[in-house]
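Contents: one structure, followed by commentary.
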Amino acid sequence: MNRAEQRVAVSLGARSYEIVIKSGLMGELAMRLRAITSTSHIGIVTDRHVAKHYLQAVLTQCQRAGYHPVPIILPPGEKNKTLATVGKILDVLAKERFERKSLLIALGGGVVGDLTGFAAAIYQRGIPFVQVPTTLVAQVDSSVGGKTGVDHRLGKNLIGAFHQPKAVWIDPMNLHTLPKREWIAGLAEVIKYGIIADRSFFAYLERTMPSLLKLDSQAVMQIIKRSCEIKAQVVAEDEQESDRRRILNYGHTIGHALEALGGYRSLIHGEAVGIGLVLEADLARHQGYCDAGTVERIRSLVLAAGLSDRPTSRSAEKVWTAMQHDKKAKGGKVRMVLPTGPGCVDIFQDIGQQEVCES
Ligand code: NAD
Ligand code: GLY
């Protein structure tokens, strides 16, 4: 086990915080809480799957350290990322008399993190929360940057708020209990960082994918750290996504459409993003923004990770129609982030149906 601790700063003025990555960190949560809060009133929000592996140990640890942890166990899965589930969290907080200084811990994947962060953003107009992400998607992406929220039946992540956590504490050991399908899905977000921001990280992933698939601890630590560094830098430059932060959406415009077309059941988030990375690169090549070699490197890396590079049976027209529900769609055109080479992307404002359907 790699016991060294890595730290990444997220620099946002008064809302700055640190990401700490350390194997075994899960056993130190209570000790770390002391440094960031004076309250003893802690809500631990998690889902049933994560609770089975980790909740009891976290509760015991917090109780021993003098905290009064209140567990809030949610049903797992994207279908529960709804306002109704946030309502359930808020019911517990009100019933247990949580106050402005009380603190929530989001112990779980991106679904738990987005729900907990949103509940923390709106309860008593905002209370502090800490992210303890337990999936690869959450460790490299969703726990960092303060986007919180829920889905609406007319669109994913339509309701939400920016609310930064007080800290992000990552224990890569959590990934050992993660189902393999979820682990592979997370690799799509990691590959995304190589394409959007770091050519040499992309090449590192090409070399290291076989070790990563065996959960090699050094390689896992390296990809979490580098992904968090890239995300932290982008968020620090553009916290509320008025410009630069949009690059993080590469692969997601088509990815979200595919997720929605599958009713959020056939493809999980990272799997849809993996296909989106390849299809959006192909679109870029059709438009002359990048060369065929770049697309083939992206496709090969996606396939090497065990992800798919194409949807099973979706027509381009259906994908286009689903893309119209995207928050980034306007007047029959979609704003898309497209690669111009490994490590570089650009934002294109006016991608229309013809471009998508021909690619
Ligand atoms: P998830 O939270 O649904 O977790 C996936 C599954 O793994 C769930 O069944 C969960 O119970 C289980 N699980 C979690 N940790 C585990 C562990 N250590 N051991 C065993 N099982 C475990 O999915 P996800 O992929 O983590 O997150 C996807 C969500 O994140 C989507 O809703 C997406 O929109 C959101 N997201 C948000 C942001 C953001 O910036 N806020 C960024 C990316 C993704
Ligand atoms: N995952 C996209 C973002 O955080 O902006």
Side-chain angles (χ1 to χ4, degrees), residues 10 26 45-55 58 73-82 85 106-118 121 131-151 155-165 168 170-190 192-193 196 215 227-228 230-253 255-256 259-260 264-265 267-274 327-328 337:
V10 186
M26 201 75 159
V45 188
T46 189
D47 72 24
R48 262 199 323 268
H49 296 156
V50 180
K52 191 174 76 186
H53 294 287
Y54 303 108
L55 182 61
V58 171
I73 304 172
L74 306 175
E78 186 73 30
K79 64 179 184 299
N80 295 301
K81 205 176 102 172
T82 60
T85 309
L107 175 67
V111 169
V112 165
D114 284 7
L115 284 162
T116 309
F118 189 48
Q131 291 271 16
V132 181
T134 61
T135 63
L136 185 60
V137 167
Q139 296 189 348
V140 299
D141 188 355
S142 61
S143 62
V144 177
K147 277 191 183 176
T148 74
V150 297
D151 301 331
K156 197 170 150 62
N157 297 328
L158 271 191
I159 304 159
F162 285 99
H163 187 50
Q164 299 294 344
V168 180
I170 299 176
D171 186 344
M173 295 299 285
N174 293 153
L175 300 173
H176 288 268
T177 57
L178 192 64
K180 190 169 174 210
R181 183 177 176 191
E182 299 288 348
W183 160 252
I184 288 175
L187 290 171
E189 299 286 2
V190 177
K192 176 190 81 176
Y193 289 115
I196 64 171
L215 274 170
S227 300
C228 285
I230 294 170
K231 177 131 191 196
Q233 175 153 14
V234 172
V235 168
E237 285 169 26
D238 176 20
E239 184 181 7
Q240 302 218 344
E241 198 173 306
S242 54
D243 184 26
R244 172 90 176 142
R245 186 165 177 169
R246 290 185 180 131
I247 69 168
L248 298 172
N249 297 326
Y250 170 55
H252 286 63
T253 309
H256 281 165
E259 245 184 310
Y264 299 102
R265 275 183 298 272
L267 285 173
I268 55 177
H269 180 72
E271 290 171 336
V273 170
K327 296 197 287 297
K328 299 165 281 298
V337 177

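Every number for a ligand or one of its atoms is a count from 1 in the order of the listing.
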Are any non-hydrogen side-chain atoms of Glu271 and Ile184 less than 4.5 angstrom apart? no
Counting each atom of ligand 1 from 1 as listed, which ones have a heavy atom of Tyr54 under 4.0 Å away? 18 (N)
Would you say the side chain of Arg245 lies within less than 4.5 Å of the side chain of Glu237, judging by non-hydrogen atoms? no
Compare all side-chain heavy atoms of Val111 with those of Asn80 and state whether any distance is below 4.5 angstrom. no
Taking atom 23 (O) of ligand 1 as the reference point, the nearest protein heavy atom with its distance: Gly110 N, 4.1 Å
Closest non-hydrogen atoms of Val137 and Gly186, given as atom of the first, atom of the second and distance, are CG2-CA, 3.6 Å
I need the minimum non-hydrogen distance between Leu178 and Leu136, along with the two atoms involved. CD2-N, 3.8 Å
Close side-chain approach of Tyr250 to Val273, heavy-atom, < 4.5 Å: no
Atom 8 (C) of ligand 1: the protein heavy-atom neighbour that sits closest, reported with distance to 0.1 Å: His49 ND1, 3.9 Å
For atom 36 (N) of ligand 1, the protein heavy atom that lies nearest, with its residue and separation: Ser142 CB, 3.6 Å
Please confirm whether the backbone N or O of Thr134 pairs with a side-chain atom of Asn174, one donor and one acceptor, at under 3.5 Å? no
I'd like to know if the side chain of His252 pairs up with that of Glu259 as donor and acceptor (distance under 3.5 Å, no hydrogens or angles considered). no
Check Thr177 against ligand 1 and report side chain, backbone, both or neither, counting heavy atoms closer than 4.0 Å. both
Would you mind reporting whether Lys231 and Glu189 have side-chain heavy atoms less than 4.5 Å apart? no
Tell me, which protein residue and heavy-atom name are nearest atom 10 (C) of ligand 1, and how many Å apart are they? Asp47 OD2, 3.3 Å
Residue part near ligand 1, for Pro179, under 4.0 Å between non-hydrogen atoms: side chain
I need the contact type for Lys231 against ligand 2. Using non-hydrogen atoms and a strict under-4.0 Å cut-off, is it side chain, backbone, both or neither? side chain
Identify the closest protein heavy atom to atom 15 (N) of ligand 1: which residue and atom is it, and at what distance? Thr134 OG1, 2.7 Å
Note: ligand 2 atoms sitting under 4.0 Å from heavy atoms of Lys147 are 2 (C), 3 (C), 4 (O), 5 (O)
So which heavy atom on His176 is nearest to which on Leu215, and how close? ND1-CD1, 4.0 Å
Could you check atom 4 (O) of ligand 1 against the protein and tell me its nearest heavy-atom contact, residue, atom and distance included? Thr135 CG2, 3.6 Å
Distance to 0.1 Å, residue and atom name: give those for the protein heavy atom nearest to atom 31 (C) of ligand 1. Glu78 OE1, 3.1 Å
Using a strict 4.0 Å cut-off to heavy atoms of Asn157, name the atoms of ligand 1 that fall inside it. 34 (O)
Does Asn157 use its side chain to pair, donor to acceptor, with the backbone of Val150 at less than 3.5 Å? no
Step through the shown structure and confirm whether more than 12 heavy atoms of other residues, nucleotides or ligands are within 6.0 Å of CD on Gln233. no
Below 4.0 Å, non-hydrogen atoms only: which portion of Lys147 touches ligand 1? Side chain, backbone, both or neither. both
Polar proximity ligand 1 side, Thr148 side, N/O cut 3.5 Å exclusive: no
With heavy atoms only and a cut-off of under 4.0 Å, state how His252 meets ligand 1: side chain, backbone, both or neither. neither
Taking non-hydrogen atoms only, is Asp114 closer than 4.0 angstrom to ligand 1 via side chain, backbone, both or neither? side chain
Side chain, backbone, both or neither: which part of Asp151 comes within less than 4.0 Å of ligand 1 when only heavy atoms are counted? neither
Can you find a heavy atom in the side chain of Cys228 that is under 4.5 Å from one in the side chain of Val168? no
Using a 4.0 Å cut-off to any heavy atom of Lys231, which atoms of ligand 1 qualify? 40 (O)
Please assess Leu107 against Val112 for the test side-chain contact (heavy atoms from CB on, under 4.5 Å), listing each intermediate value before the final yes or no. CA-CA 7 Å; Leu107 175 67; Val112 165; 5.6 Å; no
Taking distance alone, with N or O pairs closer than 3.5 Å, would you say Asp141 contacts ligand 1? no
What are the two closest non-hydrogen atoms of Gly274 and Ala188, and how far apart are they? N-CB, 3.7 Å
Close approach of Gln131 to ligand 1, heavy atoms, under 4.0 angstrom: no
Does ligand 2 have a heavy atom under 4.0 Å from the side chain of Asp141, from its backbone, from both, or from neither? side chain
Can you tell me the protein heavy atom closest to atom 16 (C) of ligand 1 and the distance? Leu178 CD1, 3.6 Å
Considering all heavy atoms of both residues, which atom of Lys81 and which atom of Asp114 are nearest to each other, and what is their separation? NZ-OD2, 2.8 Å
For ligand 1, the portion of Val111 having any non-hydrogen atom under 4.0 Å away: both
Which option wins on minimum heavy-atom distance to atom 5 (C) of ligand 1: Glu182, Arg48, Met26? Glu182
At what distance is the nearest protein heavy atom to atom 5 (O) of ligand 2, and which residue and atom is it? Arg245 NE, 2.7 Å
Assess Lys156 for proximity to ligand 1: is some non-hydrogen atom of it under 4.0 Å away? yes
